[in-house]
Protein chains: 2
Amino acid sequence: MTLEDITEQLQRARALEDLQVITEQLRDFYTITHIVYHWVNSIGERFGAGTYSTDWVDRYLEKDYLRMDPVIFGCLQRFNPVDWKQLDWSTKPARAFLKEAIEFGVGNQGYTIPIRGPNGQFALFTASHHSSDLEWEAFIQANARDLMIIAHEFNKKALEFENKTETMPVPTLSPRELMAMTFLAKGFSRAQAADELQISEHTLRVYIEAARHKLGALNTTHAVARALSSGVIVV
Amino acid sequence: MTLEDITEQLQRARALEDLQVITEQLRDFYTITHIVYHWVNSIGERFGAGTYSTDWVDRYLEKDYLRMDPVIFGCLQRFNPVDWKQLDWSTKPARAFLKEAIEFGVGNQGYTIPIRGPNGQFALFTASHHSSDLEWEAFIQANARDLMIIAHEFNKKALEFENKTETMPVPTLSPRELMAMTFLAKGFSRAQAADELQISEHTLRVYIEAARHKLGALNTTHAVARALSSGVIVV
DNA sequence: TCCTGGCTCCCCATTTTTGGGGAGTAGCAA
DNA sequence: TTGCTACTCCCCAAAAATGGGGAGCCAGGA
């Protein structure tokens with residue numbers, strides 16, 4: 001089975017289970033210990049496909065390691081893929097976590113690609129292996145680009161699956177409504193925003209209300225949050 | 001000059017001007033009309049390197065086309081690169097905008113890759129050309145992967161430059177502060193959020209205030225907006 | 001033509017938020 | 001031990017936001 005075969009299969013994937021199978025194929029293709037795709041969607045639900053043992057996944061969730069995993073933390077602040085060696089393992093809990101991970105069969109080497117989608121969607125694609133630093137470096141050097149492309153294909157699929165289920169069409173705000181929301185997002189009070197737009201505060205209120213209703217928001221803050229995370233406005 | 005030469009040069013780039021030169025080299029290498037990298041950083045500043053005429057850039061900024069450009073709008077909601085033909089050009093202002101863009105020398109075809117970095121950073125990498133649909137499709141088919149890798153290299157550099165100069169370090173919110181902001185972003189009132197967190201509303205207020213100060217925000221809505229667009233919280 | 005949508009203005013009372021202040025607990029690290 | 005940070009609770013008065021209502025003007029599409 002070649003890499004081309006696998007990516008083709010990835011593009012044909014129809015459900016989450018297919019992604020699971022593909023992580024296994026990739027692991028075998030590269031003859032490494034693990035391939036994992038881990039995804040936090042726009043409403044905070046988590047989902048993963050990968051070759052970690054279920055014991056480890058269960059333990060990870062149970063102990064809420066998400067909150068202290070240096071890989072997650074590092075990737076949230078980075079754009080580039082990270083080799084695990086680059087991360088900050090200096091704190092005690094971080095080292096304990098790493099030790100436990102290795103006991104559960106995670107490789108001592110790892111390379112994780114952060115992927116970001118619209119609406120704050122965030123995902124990680126990880127390759128992990130038991131090997132020496134030198135071997136691992138060579139592996140990364142040789143395969144970094146392919147891994148990145150594959151990671152993106154995975155995320156494409158994950159978003160595709162998500163969109164099938166729920167999508168609220170993004171409402172169209174009028175120019176004044178956009179302005180109003182933008183000023184609010186910038187921290188202006190209603191009075192200030194009205195002043196800036198050279199209209200009465202009462203009028204501004206009408207826009208905010210209109211925008212709120214269009215966005216299906218419960219209050220002004222919610223409306224601004226929705227407008228921002230749906231990309232309707234940019235601050 | 002080969003593509004390898006150009007990417008190597010990209011990796012050696014030291015300043016924004018270097019990126020400008022590289023867009024020109026890429027344009028010539030692919031023999032297309034334009035290559036543009038456009039970037040909105042975490043504090044809303046805009047920056048671009050590319051081969052568009054300065055006339056067009058000036059006009060674009062002057063008319064505030066950012067707010068109605070379907071390319072921007074489409075990319076904000078998508079993960080995949082978009083061919084301009086897929087976008088929604090049905091509104092009148094959108095069509096007028098396109099017409100004007102073509103008059104100013106922008107190609108009738110275009111392919112734009114959205115790129116997202118940490119802290120809500122967002123960038124676009126665009127290839128544009130004057131050509132038939134078929135020719136363009138072939139070009140994209142042949143070069144999509146390379147373009148994506150190049151786009152990522154560009155963004156890597158841009159983030160590198162940014163970090164050198166100014167960075168308002170992203171504040172670290174405590175778990176409770178994060179919860180508070182998250183509930184507010186979800187549209188909960190303070191009373192509801194406090195209820196949800198099983199604490200008094202007074203306590204919740206302390207968190208909101210603390211988060212506000214850490215985020216340098218003028219009011220709650222502003223704080224939520226900043227938390228969202230800096231990626232501190234995800235709703 | 002009529003009708004819709006966008007823009008503008010005004011009133012009311014009620015609820016919510018804000019901006020200060022202070023004070024005690026627990027846990028972790030130097 | 002002595003800090004520091006996170007978490008929890010409380011008071012008050014002033015400012016801001018909310019949720020209804022109504023009304024007129026203009027432009028563009030059916």
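We name chains A, B, ... by the order of the sequence lines, and we start the count at 1 in each one. This structure is a prediction, so every number in the text was calculated from the model and none was measured.
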Determine all donor-acceptor pairs shorter than 3.5 Å in which one atom belongs to a side chain in residues 47-58 of chain B; sequence neighbours excluded.
unit_1	atom_1	unit_2	atom_2	d
Thr51(B)	OG1	His34(B)	ND1	2.8
Thr51(B)	OG1	Ile35(B)	N	3.1
Ser53(B)	OG	Trp56(B)	N	3.2

Test log, rule side-chain hydrogen bond (donor to acceptor under 3.5 Å, both in side chains), inputs Thr33(B) and His129(B): CA-CA 5 Å; Thr33(B) 316; His129(B) 194 40; 2.9 Å; yes
* Asked: Ion pair present between Glu103(A) and Lys99(A), side-chain N to carboxylate O less than 4.0 angstrom?
  -> yes
Quick one: are the ring centres of Phe188(B) and His222(A) less than 6.0 Å apart? no
note: Leu184(A), atom CG; dT17(C), atom C1'; distance rounded to Å ~ 15 Å
Here the distance between atom P of dA6(D) and atom NE2 of His213(B), to the nearest Å, is 15 Å
Are Ser189(A) and dA15(D) close enough that a side-chain N or O sits under 4.0 Å from OP1 or OP2? no
So, with a heavy-atom separation below 4.0 Å from DNA chain D, the residues of residues 190-211 of chain A are Arg190(A), Arg205(A), Glu209(A)
Here the distance between atom C1' of dG19(D) and atom CZ of Arg212(A), to the nearest Å, is 8 Å
Closer than 4.0 Å, any side-chain N/O of Ser174(A) to the OP1 or OP2 of dG5(C)? no
From the list Arg212(B), Arg205(B), Lys214(B), salt bridge (Lys or Arg N to Asp or Glu O under 4.0 Å) with Glu177(B) holds only for Lys214(B)
- Query: Once the angle between the rings of Tyr37(B) and Phe125(B) is folded into 0 to 90°, is it parallel (under 30°), tilted (30 to 60°) or perpendicular (over 60°)?
  - Reply: tilted
To the nearest angstrom, the CG-P distance between Asn219(A) and dA17(D) comes to 12 Å
Closest to the side chain of Arg176(B), out of dG6(C), dA17(D), dT8(D), is dT8(D)
Rounded to whole Å, CZ of Phe188(A) lies from C1' of dT18(C) at a distance of 19 Å
His222(B) NE2 to dT17(C) P, in whole Å, measures 19 Å
